[in-house]
Structure formats: C-alpha cells, structure tokens
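Everything below concerns the one structure shown next.
Below, read A as the first sequence line, B as the second, and so on, with proteins coming before strands; counting in each chain starts at 1.
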Amino acid sequence: MSLARNLNKILSLRSLAAQNRLFNLNNNLINKSLLINSVQKRYLSNEQEPKIEIKISQKAVPHFFRCSVNDPLKHNSVHLNKFYKVDEKDLKVIDPFQECLTREHYAEFKAFNETALMIRQPAIEVIDYIKKLDLSLPAYRFVLYGNENGTGKRSTLLHLLHYCQKDNWLLIHLPNWSAVLRRSKESQPSTYKEGRLDTPIDAALFLKRFSVQNNKLLKELNLKTTKKYNWSNRDSSPEGTPLLDLIEYANTRIKYASDICGAIIREIKFQTNSNKYKVFVAVDQVNSFFGPTRLKRADKSEIKVDDITIARNFKKLLKNDWCNSVVVSTIGSVGVILPAPDRRTKFYDTSISIQNRRRVPCSLHYEGPLTPAHLLKKEGFYYLEPFIPIEVPSYSDSELLTHYEYYRDRNWLQSEDALTDDGREEIKFLSGNNPREFMRVCQTI
Amino acid sequence: MSLVSKFSRAQSSIFTINTCVVNTFFSSHLNTKFYSTESAENADERPAKKERVFFREQDEVDGFKVFDVYMNKKKDERSFDQRVKRTYPRVQRDRFARYNRMPIDQDWTNVWPTASPFKQTAVPLPVRQGFVKNMIENDGLPPEKYANVELIKIPNFLHLTPPHIKKQCGAIKKFCTPWPKELKTDEDCEKNFPIEITTSTYIYDGPSVRDDRARVVKLQIKLSSLNLDKRSNDKLIKLAEDRYDPATDTLTLITDRCPYRRQNEDYANYLLTTLYYESKQCEDWESEITEDDMRTFEWEKSKSKENILNTIRNIEKIEDETQAVNLKQVKTYQNNLSKIFNEGETDTNILQYKQSVLNLLKIKTA
C-alpha cells in the first residue's frame, strides 16, 4: 500500500517536473528565438503546443496561498500567511552549502522544484523594526525564540537573510554553530596564544560561506586591512591587503584560517564607523556560546568557548560596542550542550522493554523550557542585554490552511482521505499546529 | 563338613524363617477377608446388599458371561452428587441471656465504663465476624458473636462512644477556663501566638500506654512575625534551607532526637532562638556576597546595571550615573527585568520586557 502511494507520489512529481521543464523550455524559446531548429519547429507545430498554453494559463491564475510579490524588500503585513518564491540564484548566494534549514526542507524544495517560504508575523515584525532603525546607535540584538521546537525560527532567519541580502547588507551567517562545539572537524593548538584551540576546517568553511555571500559587495567596497598581521614567523600580510585576498590566502593555507577569520571580523567591526556598509549578523543557536563544550585538549582538560579562537571572535560580534549592525539570533534546545554519554558506562533507554531495547546508548536531550532566560542563563542574558525577544509561535489556523493548500497544489498529499475537510482537521489535530510536525505528518500521506 | 556347606545351610534356615513370616501375614489378611464375606451372609445384623442389576444383557464368550465392571453399572440411589447437606444447629435465641434482658433506654456508659475486650453477653448487637469457606458452611454467613474468638482479638471502641465522650468532657469542664474574648479571629491568634506547636498522641487498646511516635514535636512560625531586617531575614532562610517554605512564609522545625516530648519541645525552642540570634549577627565575610548567592534578583547590585548604563551612555549621551538611572525608560526596564528573574518567564512578563527594551533603544513601533 505504502509502496503504491510512494510510486504515485514519485510519478506525480515527475509529471510536475516535466511540466516545469516544458514551461521553462517554452519561456526560453519565447525569449530567445535562437535555438529553434527544424526539429523543434516541427515539435512545436504538433498538437502539443496548445496543451502547454493551457497549462500556462492555469499557472497564471493566482492562488490565495501564493504571494505575488517575490521581492522581500516589498513584504509587509499585507502579505502575511502567504508563500513567496525565493529565487534560486539568491538562494545559492544566501545559503551556498544548504545549512540554513533542515535536510527535510531541502528535500521538499527539490521535490517541489521551487523554494517557497511562508511570510510570517515574526519576520515581518523584525523587517519593520530594521527599516526604522537608527544605525548610528550601537548594535541591535534580536533573539528569536519559540515555546516549542520546530516552530520555524530558522526559516524566519532565512527570510531575514534574504531581505538583508537584497538590501545590500554585509552578511555574517553562523548556521548551527553548536555542532562545532560538540565535535569540530579538526582541531589543533593555536600558534597565536598558548592554551587556545584552532578549528581550521570550520574556520575555512565560514570564510568560504562569507566570501560567497558577500562577494559582490566586497568587490564594490574593496575593504583593506588597517594593520599588519603576522601569521607566523615567516608568513605575514602587510597593511592594505584586500579582504578577498586574505580569504584566498586562507584557502591556500588552511592552517591560518582561524586567525584570518579573527582578523576579518576585527576589520569589519572597526571599519563600520565609515558608514560605507551595514552588517547583518545571523546566528543560529546562540545559547551554545554561553555553555560548556565537548572538546578536550590532548591532556584531557576541558575547553571553554572562549578558548576556541573563532568562537571567541564570533562572540565579539554579539556585543553592542559597534554601530551600523543588526544581530538576529535564535535560541533553541539544540544549542544546549549536555555531556556526551561515556563509552564505558553506557546507559540505555529504560522506558523500553528489554526485548525491544536496542543496544544503542541513550543520547541526552534538553527538555526544559525554551524561553530566553532559561536557555541563555544569566551569563548569556547579560552578554546580549538589552535584546529584543521575538516569539516565533506555532501555526495559526489560517497559516496551517495555506500550508495545506500549498501541499495540495504541489500534489504532495496523495491519500484521498487527506484531501477532505475531515482529513485536514485530522492532520491539524495530529500535528498540533506545530509546523515541523505538520510537515512530517504530510510526508507520510 | 565343609565351610561352604555350613554357610549354605545357615542361609537356607534364614530363608525358611522369612517365608514363615510372609505366610502368617497373608493368612491373617486373608482371614479378615473371609470373615467379611461370611458376615455378609448374616442378614439379621447388616442390611442385605442388593443384588447387582444389569440393564444390558451380558455378553457370552465360550459359555462364560463377561463381567463388565464399568459400562453396565447402575448408579446407586445415594450417589456422591446427591449427598445431603450437613446442617449445623443454630444458636437459638436465648430469652434469658443478659443482652436480651437489657432495657432499651439504659445508660451505656455504665454497662461499658472502660476499655475491655469484647464480651458477647454485654453487647446487644447482632455482630458477626470470621471467615466462611463457601455457601455450605454456616449458610455462607460469618459466625455469630457467641464463642467467637475473632471478635475478642480485635480492638474495640465501645468505651469511646459519643455518650462516653460527652460524659467525660462534662466531668472535666470544671477545670477549663473560658476562651479569651480578644482572640475572636484566626488572625488575632496568629498575631498574639505566632508559634504553633503540633504534637500527636496515640491511643490504642493494648498493654502499654506509651508510644514512640508521641515524642515528635513540630514547631511552625511565620518569618514575618520575627520582625527581622532584609539581610538577617535572607540569612535565616539560607540557614534554614528546606525548612522554610517561601509560598506560605513559614519556618517549620521538626524535632525527634530526644526520647520525651517535653525535651524535644525544649530543643525546638532552642533551635529557633539560636537561628534568630545567628541571623541577626553580621559577620565580616558577609559583605563578599555575590549575585549568585542572592535569593532574589536585585538590579542595583547586578551586572545588568553596568550594561544598561553603557548603552544609555551611547544612546542618550548622558555621562552622569544617577541621572541615567533615574530616567523613566531605565526604571521600567529595571522593573520588568527583575520581574522576569523573580517571578519567572510568563508570556506577559516577556512582552513587557520587550516593550521596555524597545523604549530604551528608541525603536518606534507602529
């Protein structure tokens, strides 16, 4: 039964994709009449042509769940609860490594052949604030929080990133930062100061992302260093080297990546006074900056967040001692780093009966309240103070309805029962208005 | 004679003796059997056994009838199933028993003045106690009070009936003093007698009057009635640890380490006085108290003040500290922040905090 359903789904998707391909082809032909050869002419002259036209006319009918404005600069409260299409070129710039959202999201985007985001209240609220800000004052800090997991903090962040990218902000984006504190890909003792830890691959990854996101702007601004930096006894970069050159240098010498990362952050922070550019810092799971890490030194002593070179530098971005900048961060249970289960003393999930219990050690999850003071604790709270807390609530009824209609439009819901009103109510009940749960429930039907 | 032949003779002699014993045993057994068959013939002494009746003709094999034991057996009139139930003679209603001769309006306190084991003659109640196996035994009813050990075993409260208590209270009444007129309400009582001591006495029917649990003393007092200043109040709460309940503002001391109640009561009082004077004393190291040690959040002493003054310095360009602290938006911020840390993060508290931050950072809201 499930196989048949899946097959149905795949077939429908394929037909959708084919349809889209035809649509694109048609568009291309109309725009550029270069590729038309005799074969294509014959193809177009066949009976299939009017069919395509009909499909186009069907597409042209505006759905109530679709936003006609795809430019985030023009979004306001009129467009609430509607899906807008993120341009693929923009997405490749904002989110080059597909880290902003979860894997499930990207799988859906791939299946639907488009990236559609819902315009929701928190994003619009922050955009409204950003439009009104006096940027000569110290950095503004926003903290996105939700009372449940999976309410859409990261997609709100993506929407904001899209807005700022269109508005020519310099983007500094740290997606899922807590993964580095749990287990960095590679680590080595710092050459700059004893006792500190370099994470070269993570730093190089950040630099790569940073250069992709801001390539255009950095070329325009042509920012240069204001100081001579010594990476080691031999290597140094003189005063006045462009930042893009520094990033390239980090690509060739990954060993110095975390120090170069710090230098770039320092330069960007100090040169904001020139009012040439404005910086948008987006941090996911910011509460991981104010807790323990799972990394350890060679002598098994524990490493604090401030001992990691790049973490130390990123933390400086969260302070409000600079201007022309906005920091939007999310807090969540993923950012709470609990001690890893010891290999020698394994503990198992005792709630499962012994027969069904797998020999897989339990991993601990944070299960406390998800409000700012609980997650940030006093240390983080004082560090970010005064911040503007913004709640990302779970779906309202109208939001859920639009998402449902969107899925229906994309032929994502295959079961006939799910297409009825009762089915919709049941999906709503099963998901409990939680967006992530809604997505997961709809994946199976 | 060889040794072997000697041995064989001895063995044979033993054998003969053995066979003799067996023979005698069999013969005696058989004799009784024979006797039983013989006695059946005497019709006068025992009821004659009916001749077996076969309801089917017996098979014949080679001129012999085959005796079928089971198939052709006819059931007796009195079979196992149809046994007559045993009957137990009921205790008949004895008109001359004491409990039947008691007048209805008698004074029960005179009949049963003190605690004593159950006496069936003195109790005019149809009480029953005990276990019955099934409906056959005693018609499924528990045994009556006559000669019933179960009733004697259990403690009874026949000496503590309402008339008993009324009579005894009436007897003690002459020793009591009237309730003071000033203490009309519970609040008055709390105000004049802030210390509340709770003890429990255990009464039961047994050989000894004493009970170990009676020594436990519980002392309760509201901290507000001690009139302490804020520092010493906090110190007392720190010293009392979990004995203090913040919801009701009460301190509870339970003492049970001495053998007698009076000793425990004295000890509880001693604890209270030492707690009181210890918390009043201010040691030198108490000035080193940090923010984490404090019971409640205080903005003036926290790191938050420094942060906010820094931002205010940038936004409003005010260098003077007292002037900055007295600003309206700073004061509302301070209130809302302490609400979040002291009362917890409710939705309204976070919203208020957000509003105060927006005011502080001068962000216009539509």
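Checked by atom type, the side-chain pair B:Glu291/A:Tyr382 shows a donor-acceptor distance below 3.5 Å.
Only the side chain of A:Asn147 comes within less than 4.5 Å of a heavy atom of chain B; its backbone N, CA, C and O stay farther away. Proximity to chain A (any heavy atom under 4.5 Å) is restricted, for B:Asp347, to the side chain, taken from C-beta onward. In this structure, chain A has no heavy atom under 4.5 Å from any part of B:Leu351. Using a 4.5 Å cut-off between heavy atoms, B:Ile340 contacts chain A through its side chain alone, with no backbone atom that close. When heavy atoms are compared at a cutoff of 4.5 Å, A:Tyr140 approaches chain B solely by way of its side chain, counted from C-beta outward.
In this structure, B:Ile350 CD1 and A:Ile390 CD1 are separated by 12.5 Å, a value rounded to the nearest 0.5 Å. A distance of 11.0 Å separates CG of B:Asn349 from OG1 of A:Thr371, quoted to the nearest 0.5 Å. Taken to the nearest 0.5 Å, the CD atom of B:Glu316 stands 9.0 Å off from the CG atom of A:Leu137.
Aromatic pair A:Phe381/B:Tyr353: centroids less than 6.0 angstrom apart.
With hydrogens and angles disregarded, no donor-acceptor distance shorter than 3.5 Å links the side chain of A:Glu385 to the backbone of B:Asn307.
The local environment of NZ in A:Lys377 is sparse, with at most 12 non-hydrogen atoms from other residues, nucleotides or ligands closer than 6.0 Å. The number of heavy atoms from other shown groups lying within 6.0 Å of CG (B:Asp186) does not exceed 12. Applying the 6.0 Å contact sphere to OH of B:Tyr277 captures no more than 12 heavy atoms from other residues, nucleotides or ligands. Atom NZ of A:Lys319 has 12 or fewer heavy atoms from other residues, nucleotides or ligands within 6.0 Å. Residue B:Glu187 places its CD atom among 12 or fewer non-hydrogen atoms of other residues, nucleotides or ligands, all under 6.0 Å distant. Residue B:Gln263 qualifies as enclosed at atom CD: its count of foreign heavy atoms under 6.0 Å is above 12. Taking a 6.0 Å sphere around NZ of B:Lys303, one finds it holds 12 or fewer heavy atoms contributed by other residues, nucleotides or ligands. Within a 6.0 Å sphere centred on CZ of A:Phe429, heavy atoms belonging to other residues, nucleotides or ligands number 12 at most.
The candidate from A:Ser136, A:Pro369, A:Pro138, A:Pro389 with the greatest count of non-hydrogen atom pairs under 4.5 Å with chain B is A:Pro389.
A 4.5 Å side-chain heavy-atom check between A:Ile388 and B:Leu358 finds at least one atom pair inside the cut-off. With a 4.5 Å cut-off on side-chain heavy atoms, B:Glu345 and A:Tyr145 do not count as touching. Within the 4.5 Å cutoff, the side chain of B:Leu361 has no heavy atoms near those of the A:Leu133 side chain.
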